[in-house]
Chemist: 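Below you will find the structure I want to go over with you.
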Amino acid sequence: MKILRIIEKKKILQSAELLVNAKYAIALTGAGISTESGIPDFRGEGGIWEKYKPEIYGNIEAFLRNPAKFWELAQKVAPTLFKAKPNPGHYALAELENLDIIKAVITQNIDELHQAAGSVIVYEVHGNINRFSCLGCKASYSKDQVLKKMKKGKSETPTCDFCGAPLKPSVVLFGEDLPRFELFQSKALSQKADVMLIAGSSLEVAPICDLPLYVLQDKGKLIIVNDQPTHLDNKADVVINHKTGTILPLILEEVKKLMFERNENNVKS
Ligand code: APR
């Protein structure tokens, strides 16, 4: 476990102060917040795209040509994905929402771990692995229905009971549009936010990687917690290159102390 240096402790306090004094703080998360729940990320060390080429396994045109490739990857990742539990990073964000410090979580993740940790206002801008639909007749299927089909199915790619077309999880593949409502909301929230806490994202995939720019447009502040540098580090007020599962609970702790001191002062005055 990397020892927290004095400098990081200072940045944790600075992050807490920015959040407590914010008028409208939001969080933006990526796959990095879920790696401590056992789910691999995409571009970190040993990430999914190191082993599986995104243009073959994660692209809509490739899926339409040959869905088996996507389902091959899905079968590898699904068991970890479906049994994953939230980690302290997810719980810290849920508690910050509970304390009315952050107003919403915009997540690029499809694993529903924010909701499982208790976050309520969550915008899943890249969809969700627990819902499936038929590419032909648009019939919708639950995760359990699809898992049952895969268990008894002869082919590796689940097909629709009604029209026989291939099923696809409601996750956004490269080349697909993002869900309109979530995209609209995440842009509107980013334009309104004066502080954005970014946790576990390489900030490499548009249009979501541009959301922090909306915050900066109005002189808003960025806090980036990521174990690798990102291209926005030089525009952030605070950058902590450390594990989200360690840092987010420490930021929460400092937020609670500042809120307590503030209440104490209010009582005295
Ligand atoms: N704590 C902090 N940072 C972490 C941790 C951790 N425990 N684990 C990984 N990271 C960092 C990685 O170093 C990397 O910089 O999190 C970042 C995750 O970046 P990506 O793997 O690129 O994930 P993300 O930013 O969510 O990717 C965006 O790309 O492939 C598409 O649709 C996919 O939603 C995904 C999108």
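Ligands are counted one by one from 1 in listed order, and the atoms in each one are counted from 1 as well. Only this structure's heavy atoms are used, side chains among them; waters, hydrogens and symmetry mates stay out.
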Chemist: If we ignore angles and hydrogens, is there a donor and acceptor under 3.5 Å between the side chains of His114 and Thr29?
Modeler: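 A pair is found: one side chain offers a donor N or O, the other an acceptor, under 3.5 Å apart.
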Chemist: Kindly state whether the ring of Tyr52 and the ring of Tyr57 have centres lying under 6.0 angstrom apart.
Modeler: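 Yes, they do, as the ring centres are separated by less than 6.0 Å.
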Chemist: Decide whether Asn128 and Glu124 meet the rule of one side-chain donor and one side-chain acceptor closer than 3.5 Å.
Modeler: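 The criterion, which ignores hydrogens and geometry beyond distance, is satisfied for Glu124 and Asn128.
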Chemist: Compare every heavy atom of Leu232 with every heavy atom of Pro212, then report the nearest pair and how far apart it is.
Modeler: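 Shortest heavy-atom contact: CB-CD1, 3.5 Å.
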Chemist: If you count the non-hydrogen atoms of other residues, nucleotides and ligands that lie under 6.0 Å from CZ in Phe82, is the total more than 12?
Modeler: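 Yes.
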Chemist: Give the residues near ligand 1 by chain and number, with the criterion being a heavy-atom distance under 4.0 Å.
Modeler: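 Within 4.0 Å of ligand 1, protein side: Gly30, Ala31, Gly32, Thr35, Glu36, Asp41, Phe42, Arg43, Gly44, Trp49, Gln108, His126, Phe174, Gly200, Ser201, Ser202, Val205, Asn226, Asp227, Gln228, His242, Lys243, Thr244.
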Chemist: Is Phe184 atom CZ crowded by more than 12 heavy atoms from other residues, nucleotides or ligands, each under 6.0 Å away?
Modeler: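 Result for CZ/Phe184: open.
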